[in-house]
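Presented below is the structure to which this report refers.
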Amino acid sequence: MAIISLKKPTAQANSIDPSLDLHKEIERLKKQKNAVILAHYYQESEIQDLADFIGDSLELAKAAQKSQADLILFAGVHFMAEGAKILNPSRKVLLPDLRAGCSLSDSCPPLAFERFRKLHPDHFVVSYINCSAAIKAQSDVICTSSNAVKIVNRIPKDKPILFAPDRNLGAYVAKQTGREMLLWQGTCMVHETFSEKKLTELKLRYPEAEVIAHPECEPTLLKMADYIGSTSALLKYSVESTKKQFIVATEEGILHQMRKRAPDKEFIPAPPNGNCACNECPFMKLNTIEKVYLALRDEKPEITMSDEMRTRALKPLERMLEWSQ
Ligand code: 13P
Ligand code: SF4
């Protein structure tokens, strides 16, 4: 896949003085520039370990909104950093690698979505936060995987709902709320990769293990799960459970926090379909410690957008934060 070749170090990364202690330099730059590092659970372990705050999409959006730092370095993907800029526009928001996109977000191009929406003008538009600012701007409310059920439950019963872009999360929320929803047919390339056949085999090898899954997984896989939740919910559940073994069906980065917080337990990544590392998000993994250092040093790449786009995208995001209190 073409994206894998993006992992090659850039010319800029190659120019870093090899004698530098990057961890120390990052700490120094953070203090000097009043910067904060926010990281998603799918980041490389090394980045998670130096972050000031780690969380799921909702927690990160809240942390970005209330941040007093002059610089917010977002160790995540583009739509997350864009969300931080929308919520806290007076701060400079940096993304270590601007190519860190998202297959789910890409599955929903703004013009095609506008046409789809116009075919259903009476529908209330709920968009998963994994979408661009241009999709957010066309939405009535945003949700994340941790508050989607709560958000949909707030919508008047007589209002038809259009849900975008993730059809798997949409189907899961429709089932949980009993609401009929028109679904945009997007998926996440990581979460659709898990194999039911291999998971069945793995369950035979670990009969005591519980299967815990993210709602971006296919419905057939979710049927096999003992617990379904956002990354933070999966982490909390596995740490607090009396069970000792877990098969984890989401991006493998979360296993780092699970192993740190529950070292006596065993966490087994759910197997992908092929013999690949497809349970790693190639976009999330574009961020490296070298790029974090360079971004803090050079204060770029920076997330920017027009005021018009920002204000339109802000409304549904603020509604989400209000409804999820
Ligand atoms: P959460 O952070 O809401 O668990 O979503 C996971 C994800 O796919 C982020 O890209
Ligand atoms: Fe997008 Fe999936 Fe990667 Fe999350 S894991 S950033 S939804 S491609």
Side-chain angles (χ1 to χ4, degrees), residues 56-59 61-62 79 83 102 104-105 107-108 112-131 135-136 138-188 190-192 194 196 199 210-238 240-241 246-250 270 315-325:
D56 69 4
S57 306
L58 181 63
E59 293 162 342
K62 286 181 178 168
F79 73 80
C102 166
L104 187 50
S105 177
S107 73
C108 197
F113 188 60
E114 190 178 346
R115 281 196 295 274
F116 184 62
R117 221 172 28 82
K118 284 187 173 160
L119 292 174
H120 309 282
D122 55 333
H123 282 56
F124 197 86
V125 181
V126 184
S127 294
Y128 186 30
I129 201 162
N130 300 31
C131 65
I135 300 297
K136 290 186 176 80
Q138 297 184 49
S139 308
D140 293 303
V141 69
I142 306 301
C143 70
T144 74
S145 63
S146 61
N147 64 15
V149 169
K150 197 172 184 178
I151 297 289
V152 167
N153 274 331
R154 289 283 302 253
I155 301 166
K157 291 272 180 284
D158 58 342
K159 198 80 190 145
I161 299 172
L162 189 159
F163 189 94
D166 188 11
R167 68 170 182 218
N168 293 334
L169 177 66
Y172 171 74
V173 174
K175 207 168 148 203
Q176 295 298 306
T177 58
R179 297 294 293 266
E180 229 176 80
M181 303 200 304
L182 194 57
L183 305 178
W184 182 267
Q185 294 297 307
T187 55
C188 157
V190 177
H191 288 89
E192 67 177 357
F194 299 114
E196 291 131 62
L199 180 56
E210 278 199 327
V211 176
I212 57 174
H214 194 279
E216 283 178 24
C217 295
E218 301 272 354
T220 44
L221 198 117
L222 292 181
K223 267 198 190 142
M224 299 173 72
D226 298 294
Y227 181 78
I228 299 168
S230 75
T231 42
S232 280
L234 297 180
L235 179 60
K236 186 170 186 296
Y237 177 83
S238 60
E240 290 176 359
S241 165
F246 299 88
I247 300 174
V248 186
T250 191
K315 260 195 199 158
L317 262 174
E318 283 185 332
R319 184 180 262 167
M320 169 188 83
L321 293 172
E322 191 196 317
W323 284 10
S324 55
Q325 264 167 23

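Side-chain atoms are counted along with the backbone in the values below, which use heavy atoms only and exclude waters and symmetry mates. Note that the structure is predicted; figures quoted are calculated from it, not measured.
The salt bridge (charged side-chain N to carboxylate O under 4.0 Å, His left out) contacts involving residues 153-163 comprise nothing, where partners must be two or more places apart or lie in separate chains. For residues 210-226, there are no salt bridge (charged side-chain N to carboxylate O under 4.0 Å, His left out) pairs, not counting sequence neighbours.
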### Query
Passes side-chain hydrogen bond (donor to acceptor under 3.5 Å, both in side chains), S127 versus S139? Steps please.
CA-CA 6 Å; S127 294; S139 308; 2.7 Å; yes

### Task
Applying side chain to side chain contact (heavy atoms under 4.5 Å, CB included), run through N147 and W323 and close with a yes or a no.
CA-CA 9 Å; N147 64 15; W323 284 10; over 6 Å; no

#### Entry: Stepwise side chain to side chain contact (heavy atoms under 4.5 Å, CB included) check, D56 with T144
CA-CA 9 Å; D56 69 4; T144 74; 5.5 Å; no

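Summarising the geometry, atom CG belonging to L321 is positioned 6.5 Å from atom CG belonging to L58; distances are rounded to the nearest 0.5 Å. We find the OH-SG distance between Y128 and C188 to be 8.0 Å, quoted to the nearest 0.5 Å. Remark: I129 CD1 to L104 CG distance equals 12.0 Å, nearest 0.5 Å. How far CE of M224 is from CZ of F194: 12.5 Å, rounded to the nearest 0.5 Å. Note: Q176 CD to N153 CG = 9.5 Å, rounded to the nearest 0.5 Å. Of the inter-residue distances, the one linking C217 atom SG with Y172 atom OH reads 11.5 Å to the nearest 0.5 angstrom.
Within the 4.5 Å cutoff, the side chain of F124 has no heavy atoms near those of the P156 side chain. The shortest distance between side-chain heavy atoms of N130 and D166 does not fall below 4.5 Å. In this structure the side chain of H191 reaches within 4.5 angstrom of the side chain of T250, judged on heavy atoms. The side-chain heavy atoms of L182 and P160, taken from C-beta on, include no pair separated by under 4.5 Å. Looking at R319 and K315, their side chains never come closer than 4.5 Å, going by heavy atoms from C-beta outward. In this structure the side chain of M181 reaches within 4.5 angstrom of the side chain of V152, judged on heavy atoms. A heavy-atom distance below 4.5 Å is found between the side chains of C131 and K136.
Here the shortest heavy-atom pairing between S145 and H214 reads OG-NE2, 3.3 Å. The nearest pair of heavy atoms linking L234 to I228 is CD2-C, 4.3 Å. Shown here for N168 and P219, the closest heavy-atom pair between the two residues is OD1-CD, 3.5 Å. Across all non-hydrogen atoms, the minimal contact from A270 to I247 is CA-CG2, 3.9 Å. When all heavy atoms of A171 and L183 are compared, the pair lying nearest together is N-CD1, 3.8 Å.
Between F116 and H120, the ring planes lie perpendicular to each other; the angle is over 60°, past the 30° to 60° tilted range. Between F246 and Y237, the ring-plane angle classifies as perpendicular under the 30° and 60° cut-offs.
No side-chain donor from either of S230 and S232 sits under 3.5 Å from a side-chain acceptor of the other.
Although no hydrogens or angles enter the test, the distance criterion places no donor-acceptor pair under 3.5 Å between the side chain of Q138 and the main chain of I135. Counting only distance, with no hydrogens or angles, the side chain of D140 and the backbone of V125 share a donor-acceptor pair below 3.5 Å. Checked by atom type and distance alone, the side chain of W184 pairs as donor or acceptor with a backbone atom of S107 at under 3.5 Å.
Annotation: side chain to side chain donor-acceptor pair (under 3.5 Å) contacts of K150 (sequence neighbours excluded): none.
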